[in-house]
Amino acid sequence: MQRADEPTEEFEAFAELGGGSEDTLTPEVWRAVGYHPPKGIAVPTLQPGAPGAAPWPDRMRTLLRTPMSERPAFERTPREAKSEATARNVPRVLDLTLRIGELLLASGESAEDVEAAMLGVAHAYALDRCEPQVTFTLISISYQPSLVEAPVTSARVVRRRTSDYTRLAAVYRLVADITAEQITVNDAYRRLAVIRRNRHPYPAWLLSVTAGLLAGAATFLVGGQVDAKAWLVFANAVVAAIIGDRLASLVASRGLPEFYQFVLAAMPAAVCGIVLSLNSSGLRGSVVITGGLFALLPGRALVAAVQDGLTGFYITAAARLLEVVYLVAGIVIGVMLVLYAGVSYDAQLRPAETLVGVYNPPVQLVAAMLLTLAFAMLLQTGRRTLAMVTLNSGIGWSVYGVLAYNATLSPIVATGIAAGVVGLFGQLMARYRYASALPFVTAALGPLMPGSALYLGMLAFAQGHPSAGLVSISRAAALAMALAIGVNLGGEVARLFMKVPGPGAFPGAESRLVPYLTAPRRAAKRTRGF
């Protein structure tokens, strides 16, 4: 039995030739070492047309998890002098690939999807032997034409991350058109420039009002009551969230880091809650604080971090989790500073107010859907997508309510299952619209975020009960993990019902790869514990 590190006969033949010129090697030897000659291997017949009808994420994930030496080269539509033009445009193709990957990563796409998009763009422009690599702030791609030619490597740093799902959808459509070989490199550059120049679909003042609406809807979600006091609490939460959003925008314009923006944005809601708790009116101050937390919790970053970890991108996952920790720490510090002051002045903060005392399904369902609608607008989701996102949220919250209140399951288990349903339907909706799944999933998870558990932990610390505080914080972390794992699992389950790209998705592939192309995509890394 031959050892894995022993050279094959083809490699020995290549060594005996001394790595001579490409003309001295036969096509069989070139295939054995995993490369094609720079001028290509003669193919008797070519199959015209785009590289398969399967959606590009499926095709590119299949190739992405294949060693480069085993990846089939697509047979593309014949074009005049295409190979020569592509050879001259290698730097431009790599630059275009990096720019597209930068926009996708900045918009919150997972590292696997970003690499798949970069691989698809490179393949569409005849750069078959490319290796993209994505980390939290750095993306790079390396192209090696053949074994005797020097590789070309380009890199780009992602210095700014923005939540703009309208731009994400436009980039997604651009990648779909590129992988279908419908546009040239120059046309792709023009469309990319238009995408970068596009203005946000919603003005700044509307986003501030939307942030207040999100916090106000959360008060009905966690309060579960509709009365005169509930409407006063709603109004206070709206005003506090708007003030917090304006404070965060002010310090952001001064160049302060995002950590301090979250510290200041969390303070107004905490101040409002303390003021309401100082009098004997019976207003639920704790509900105002909890509603403000729902508007600030970084659910998008958390879901992306866990998804990267589950798909094997551990460095990016660790960096994103660290980002989540810093942002949550900013929220905790902002609220804790106010809570310490309020407790010292004998503010009557009652933790039970944040737990739904009255189970009112219609009110909570409407509040959850309104919260999702506001969250989707804050993420700059396109207008045509808002209705489907809100519907997905209603489905997820209904599942959670049935499991948590009727079936009396653990809130952690109910959250995980509900998130899985959201991920499943979000993936199906995305395939129906031929778009990214993020706009359909991220906002729909808003009502399931662990705002109440996080607030209870901070209040326990402020009141001098560290043991209870640790329990609540741990519960919040467990809910967050169940949320992220559930939505990822739901997306994977959705792919089980979808057509796996087979040989038709890779026309011209060699017969030895047909068994691989008809199999589901491989695991991200290893499948055993060693």
Checklist entry - Looking at residues at least two apart in the chain, or sitting in another chain, which of them share a ring pair (Phe, Tyr, Trp, His ring centres under 6.0 Å) with Phe234? => result Phe220, Trp231
Item to check | Within-4.5 Å side-chain heavy-atom neighbours: Arg196 and Leu103 | outcome: yes
Checklist entry - Which pairs, with at least one residue in residues 391-401 and sequence neighbours excluded, count as a side-chain hydrogen bond (donor to acceptor under 3.5 Å, both in side chains)? => result Thr372-Ser393
Checklist entry - Donor-acceptor pair, Glu115 side chain versus Val134 backbone, under 3.5 Å? => result yes
Checklist entry - Between Glu492 and Leu310, does a side-chain contact (heavy atoms from CB on, under 4.5 Å) hold up when you go through it step by step? => result CA-CA 11 Å; Glu492 295 296 331; Leu310 294 176; over 6 Å; no
Item to check | Taking every non-hydrogen atom, the tightest pair across Ala266 and Leu296 | outcome: CA-CD1, 3.6 Å
Checklist outcome for this item: Residues at least two apart in sequence or cross-chain that pass side chain to side chain contact (heavy atoms under 4.5 Å, CB included) with Leu489, listed by chain then number, are Val493
Item to check | Main-chain N/O of Gln380 paired with Thr166 side-chain donor or acceptor, under 3.5 Å | outcome: yes
Next on the checklist: Between Ile395 and Val422, is the side-chain contact (heavy atoms from CB on, under 4.5 Å) condition met? List the steps.
Outcome noted: CA-CA 7 Å; Ile395 296 173; Val422 169; over 6 Å; no
Checklist entry - Can you list the steps and then say if Leu104 with Asp113 is a side-chain contact (heavy atoms from CB on, under 4.5 Å)? => result CA-CA 8 Å; Leu104 291 174; Asp113 290 335; over 6 Å; no
Checklist entry - Looking only at atom types and distance, does a side-chain atom of Thr219 sit under 3.5 Å from a main-chain N or O of Gly216, one as donor and one as acceptor? => result yes
Item to check | Listed partners of Arg99 passing salt bridge (Lys or Arg N to Asp or Glu O under 4.0 Å), at least two apart | outcome: Asp95
Checklist entry - Quick one: are Phe259 and Ile333 in side-chain contact, heavy atoms under 4.5 Å? => result yes
Checklist outcome for this item: Heavy atoms of Val389 and Ala376 approach each other most closely as CG1-CB, 4.3 Å
Next on the checklist: Could you report the tightest heavy-atom contact between Glu109 and Ser436, atom names first, then the distance?
Outcome noted: OE2-OG, 2.6 Å
Item to check | Donor-acceptor pair, side chain of Asn488 and main chain of Ala484, under 3.5 angstrom | outcome: no
Checklist entry - Do other residues, nucleotides or ligands put more than 12 heavy atoms under 6.0 Å from the CE atom of Met481? => result no
Checklist outcome for this item: Output for pair (Ile331 CD1, Met267 CE), nearest 0.5 Å, gives 12.5 Å
Next on the checklist: Just so I know, are the side chains of Leu207 and Leu378 near enough to count as touching, which here means a heavy-atom distance under 4.5 Å?
Outcome noted: yes
Item to check | By side chain to side chain contact (heavy atoms under 4.5 Å, CB included) - contacts of Tyr260 (at least two apart) | outcome: Leu256, Pro257
Checklist outcome for this item: The complete set of side-chain hydrogen bond (donor to acceptor under 3.5 Å, both in side chains) pairs with one or both residues in residues 325-334, sequence neighbours excluded, reads none
Checklist entry - Where do Gly394 and Leu365 come nearest, in terms of heavy atoms and distance? => result O-CD1, 3.7 Å
Item to check | Shortest non-hydrogen separation from Ile274 to Val338 and the atoms involved | outcome: CG1-CG1, 3.8 Å
Next on the checklist: Measuring only between side-chain heavy atoms, which start at C-beta, is His123 closer than 4.5 Å to Thr179?
Outcome noted: no
Next on the checklist: Within the 4.5 Å heavy-atom criterion, are Phe294 and Leu371 side-chain neighbours or not?
Outcome noted: yes
Item to check | Contacts of type side chain to side chain contact (heavy atoms under 4.5 Å, CB included), residue Val399, not counting sequence neighbours | outcome: Leu403, Ile417, Ala418, Val421
Item to check | Between CZ on residue Arg167 and CD1 on residue Ile195, distance to nearest 0.5 Å | outcome: 9.0 Å
Item to check | Selection residues 314-328 - residue pairs positive for salt bridge (Lys or Arg N to Asp or Glu O under 4.0 Å), sequence neighbours left out | outcome: Arg161-Glu323, Asp308-Arg320
Item to check | With sequence neighbours excluded, residues passing side chain to side chain donor-acceptor pair (under 3.5 Å) with Ser208 | outcome: Asp245, Arg246
Next on the checklist: Could you go through Val114 and Met118, starting from their C-alpha distance and side-chain angles, then the distance that decides it, and tell me whether this counts as side-chain contact (heavy atoms from CB on, under 4.5 Å)?
Outcome noted: CA-CA 6 Å; Val114 175; Met118 295 171 65; 4.0 Å; yes
Using residues 438-450 as the side-chain source, report each donor-acceptor pair under 3.5 Å to any protein atom, sequence neighbours left out, with the distance given to one decimal.
residue	atom	partner	partner atom	Å
Thr442	OG1	Tyr165	OH	3.2
Thr442	OG1	Leu438	O	3.1

Item to check | Value rounded to 0.5 Å, distance of CZ in Arg191 from CD1 in Ile100 | outcome: 9.5 Å
Checklist entry - More than 12 heavy atoms of other residues, nucleotides or ligands under 6.0 Å from CG of Leu322: is that the case? => result yes
Checklist entry - Going by heavy atoms in the side chains, are Val275 and Asn236 under 4.5 Å from each other? => result no
Item to check | Spacing of Leu391 atom CG and Leu373 atom CG [to the nearest 0.5 Å] | outcome: 12.5 Å
Checklist outcome for this item: All heavy atoms of Ala430 vs all of Ala437, minimum pair found to be CB-CA, 3.6 Å
Checklist entry - Is the shortest heavy-atom distance from the side chain of Pro132 to the side chain of Ile139 under 4.5 Å? => result no
Checklist entry - Just how far is it from atom CG of Leu105 to atom OG1 of Thr316, taken to the nearest 0.5 Å? => result 7.5 Å
Next on the checklist: Rounded to the nearest 0.5 Å, what separates atom OG1 in Thr135 from atom CZ in Phe313?
Outcome noted: 11.0 Å
Next on the checklist: List the residues meeting side chain to side chain contact (heavy atoms under 4.5 Å, CB included) with Ile243, not counting sequence neighbours, and say none if there are none.
Outcome noted: Val239, Leu247, Pro268
Checklist entry - Is any side-chain heavy atom of Val335 closer than 4.5 Å to a side-chain heavy atom of Ile289? => result yes
Checklist entry - Which residues pass the salt bridge (Lys or Arg N to Asp or Glu O under 4.0 Å) test with Arg384, sequence neighbours left out? => result none
